[in-house]
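Read through the structure below, which is laid out as structure tokens, and then see the notes.
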Amino acid sequence: MNAYRASLLYFRPDHTAVHEPDGLLVTAPDAQGVQRVQAIGAWSALRHHHGHLPIEHLPGRLIAPGFVDLHIHSPQVDVIGSPAEGLLPWLEKYTFVHEARFADPAYAQAAGGFFLDELQRHGVTCALAFGSSHVASVDALFEAAQARGLRLIAGKVLMDRHAPEGVRDQTEQGLCDTEDLIHRWHGRGRLGCAITPRFVPSCSDAQLAGAGELAARHPDVWVQSHVAENKDEIAWVRELHPQARSYLAVYEQFGLLRPRSIYAHCIHLDETDRQLLRHSGAAAAVSPTSNLFLGSGFFDYAAADRVGHLYGLASDVGGGTSFSPFHTMLAAYFVGREGQTKAGVSLRPQDLWFQHTAGAARALGLEGVVGNLLPGCEADFVVLDPQATPLLARRTAAAQSLDELLFALIVLGDDRVVQRTVVAGPGGQAGQGRPPTMPSSAKDVP
Ligand SMILES: [Zn+2]
């Protein structure tokens with residue numbers, strides 16, 4: 001068992017945030033060696049039951065759920081920060097060129113390790129990731145994630161048209177490779193597979209139909225793709241599928257809208273599309289830094305909440321400009337203020353935080369598994385230092401409420417705030433971040 005005494009943040013089952021200024025978190029491994037939350041709450045309430053354990057005391061630190069990134073591209077660590085005139089030129093000029101390198105397993109292995117290092121350094125403990133179209137890119141990621149005990153969901157990109165030699169796959173071979181990855185990796189330890197058609201323009205009807213058949217055959221496997229990001233992209237989809245009611249309806253037509261399917265962006269949707277998301281159980285991966293960077297538009301929070309479909313936050317690196325959940329939450333706040341209807345909303349800091357933790361986990365169908373620290377959850381968490389910079393120390397010391405504290409972290413925070421990232425899986429305790437220091441005995445605690 002491990003026990004940590006610190007300030008705690010987690011979410012009740014009704015999604016409201018709990019802040020325990022002086023709390024205790026107790027974790028213990030399950031039969032698979034995954035640390036799970038045994039108890040969480042006020043130190044004063046739990047000390048009698050758990051006070052005998054060796055307790056790591058972290059005064060001044062905030063323990064919060066590890067962040068969940070709903071949409072990211074592992075091969076794009078070398079694409080981040082590439083300027084372009086919008087989505088389609090950006091894909092052509094940078095993305096496809098870099099992704100072609102992942103045909104080489106050695107390159108994929110080195111880049112995959114770097115990618116996971118960056119996630120963990122920024123406090124992200126679970127991600128839904130695109131690989132490249134090469135199986136090697138996904139094998140490398142899974143091998144590295146397994147060694148670290150990370151919960152990772154990933155897939156090989158399906159892309160049998162409108163892409164250059166080197167990243168284009170073959171219609172049938174791409175589908176066979178996807179199913180082979182499912183057989184070899186899905187459900188192994190903390191790993192999961194995703195069927196990954198890049199987006200409608202890059203997949204033939206035959207490949208989309210095959211992806212839909214895979215999705216039906218493997219209902220607990222995830223589906224990930226992009227939709228309604230950019231106006232030029234939407235016009236292109238309309239040319240390719242003139243009969244379809246909308247871009248999103250193309251995915252529906254091929255059986256790709258269901259629970260555990262996650263669609264990046266979802267900016268230019270209409271009411272019928274949003275109802276389709278809601279009723280199918282599919283979710284939107286809101287990617288605000290990417291949308292601002294590529295000038296794609298603004299996710300409509302008010303409309304999403306009115307309809308009540310699932311959504312959560314995502315970095316979308318490398319269209320996104322940062323691995324940092326703090327930067328993503330701040331960009332989401334800007335996007336909320338703007339709003340599509342010009343009746344912007346002020347997203348509450350604890351709602352932004354929820355969207356990047358428990359809310360994102362819910363969108364993945366992993367509510368109560370990751371993204372939270374309620375008893376039974378896998379104990380992925382971050383140790384945050386609200387005094388990581390002089391300005392943060394000054395500002396957070398003046399915070400009068402949880403929302404004020406969280407907003408100061410969102411606006412001023414980055415990887416410097418993340419003092420440690422603790423991953424629940426076997427190997428995770430000794431992975432990124434320092435292993436727990438020698439436990440201080442209970443008598444050290446006032
Ligand atoms: Zn993307």
Side-chain angles (χ1 to χ4, degrees), residues 71 73 75-76 79 82-100 130 132-133 155-171 174-175 195-212 215 223-257 261-274 276-277 280 282 284-288 290-300 314 316 318-320 340:
H71 176 71
H73 298 257
Q76 293 182 12
V79 178
S82 301
E85 308 274 309
L87 172 68
L88 301 178
W90 174 83
L91 279 174
E92 210 150 294
K93 194 165 167 199
Y94 296 104
T95 307
F96 292 154
V97 177
H98 283 284
E99 290 193 8
F130 275 52
S132 69
S133 54
K156 177 213 111 62
V157 167
L158 293 166
M159 179 158 54
D160 68 347
R161 67 172 180 180
H162 297 136
E165 197 68 35
V167 292
R168 197 170 60 241
D169 67 1
Q170 303 287 323
T171 309
L175 296 165
I195 300 158
T196 309
R198 178 168 220 122
F199 66 153
V200 164
S202 69
C203 297
S204 65
D205 285 11
Q207 198 170 47
L208 286 174
V223 173
Q224 57 180 346
S225 193
H226 300 91
V227 75
E229 174 177 5
N230 166 288
K231 297 233 161 107
D232 293 339
E233 169 210 20
I234 293 166
W236 193 13
V237 172
R238 198 173 297 126
E239 272 172 41
L240 295 166
H241 292 269
Q243 271 85 45
R245 198 202 65 79
S246 70
Y247 188 168
L248 190 69
V250 180
Y251 292 116
E252 184 199 22
Q253 175 192 332
F254 288 108
L256 290 165
L257 287 190
S261 55
I262 309 289
Y263 285 86
H265 310 302
C266 295
I267 295 171
H268 309 283
L269 300 182
D270 63 15
E271 202 68 6
T272 311
D273 286 332
R274 292 192 180 92
L276 196 53
L277 281 180
S280 65
V286 184
S287 308
S290 171
N291 300 156
L292 296 172
F293 179 67
L294 291 170
S296 302
F298 301 88
F299 180 79
D300 192 337
D316 191 27
Q340 276 192 331

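Hydrogens, waters and symmetry mates play no part in the numbers below; they use all other heavy atoms, side chains included.
To the nearest 0.5 angstrom, H98 atom NE2 is 5.5 Å from S82 atom OG. A distance of 5.0 Å separates CG of N291 from OG of S296, quoted to the nearest 0.5 Å. Expressed to the nearest 0.5 Å, how far NE2 of H268 lies from CG of D300 amounts to 11.0 Å. For the atom pair OG of S133 and NZ of K156, the computed distance is 5.0 Å after rounding to the nearest 0.5 Å. Atom OG in S202 sits 8.0 Å away from atom CG in L208 (nearest 0.5 Å). Atom OG in S287 sits 8.0 Å away from atom CD1 in I267 (nearest 0.5 Å).
The shortest distance between side-chain heavy atoms of P201 and V237 falls below 4.5 Å. The shortest side-chain heavy-atom distance between S225 and L256 does not fall under the 4.5 Å cut-off. In this structure, the side chains of L276 and E252 come closer than 4.5 Å at one or more pairs of heavy atoms. A 4.5 Å side-chain heavy-atom check between N230 and L294 finds every atom pair outside the cut-off. Between P197 and F254, the closest side-chain pair of non-hydrogen atoms is not below 4.5 Å. Side chains of S290 and H265 form a contact here, defined as non-hydrogen atoms less than 4.5 Å apart. Side-chain contact between L91 and R198 is present, with heavy atoms from C-beta onward closer than 4.5 Å. In this structure, L277 and L269 have side chains that are in contact, with non-hydrogen atoms separated by less than 4.5 Å.
In terms of the salt bridge (Lys or Arg N to Asp or Glu O under 4.0 Å) criterion, D232 has no residue partners (sequence neighbours excluded). In terms of the side-chain hydrogen bond (donor to acceptor under 3.5 Å, both in side chains) criterion, T95 has no residue partners (sequence neighbours excluded). Residues satisfying the side-chain hydrogen bond (donor to acceptor under 3.5 Å, both in side chains) criterion with E165, sequence neighbours excluded, are R168. When the ring pair (Phe, Tyr, Trp, His ring centres under 6.0 Å) test is applied to W90, no partner is found at least two apart in sequence or on another chain. With sequence neighbours excluded, the residues that form a side chain to side chain contact (heavy atoms under 4.5 Å, CB included) with A244 are H241, V250. Not counting sequence neighbours, the partners of Y251 by the ring pair (Phe, Tyr, Trp, His ring centres under 6.0 Å) test are Y247, Y263.
Using a 4.0 Å cut-off between a side-chain N of Lys or Arg and a carboxylate O of Asp or Glu, D270 and R245 qualify as a salt bridge.
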Note to self: For a ring-ring contact (aromatic ring centres under 6.0 Å, His included) check, start with the C-alpha distance between H73 and H226, then their side-chain angles and the critical distance, and finish with the verdict.
What the structure shows: CA-CA 12 Å; H73 298 257; H226 300 91; 5.2 Å; yes
Note to self: Between H71 and I262, is the side-chain contact (heavy atoms from CB on, under 4.5 Å) condition met? List the steps.
What the structure shows: CA-CA 8 Å; H71 176 71; I262 309 289; 5.5 Å; no
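The backbone N or O of D160 sits less than 3.5 Å from a side-chain atom of D169, completing a donor-acceptor pair. No side-chain donor-acceptor contact under 3.5 Å links Q207 to the backbone of C203.
Nearest heavy-atom pair across P75 and S132 is CG-N, 3.5 Å. Contact between A206 and L175 at its shortest, heavy atoms only, is O-CD1, 4.4 Å. Minimum heavy-atom separation, G155 to T196: CA-OG1, 3.3 Å.
Ring-plane geometry between H162 and W236 is classed as tilted, the angle between the planes lying from 30 to 60 degrees on a 0 to 90 degree scale.
For the 3.5 Å distance criterion, the side chains of Q76 and E99 qualify, holding a donor opposite an acceptor. Of the N and O atoms on the side chains of S246 and D273, at least one donor lies less than 3.5 Å from an acceptor on the other residue.
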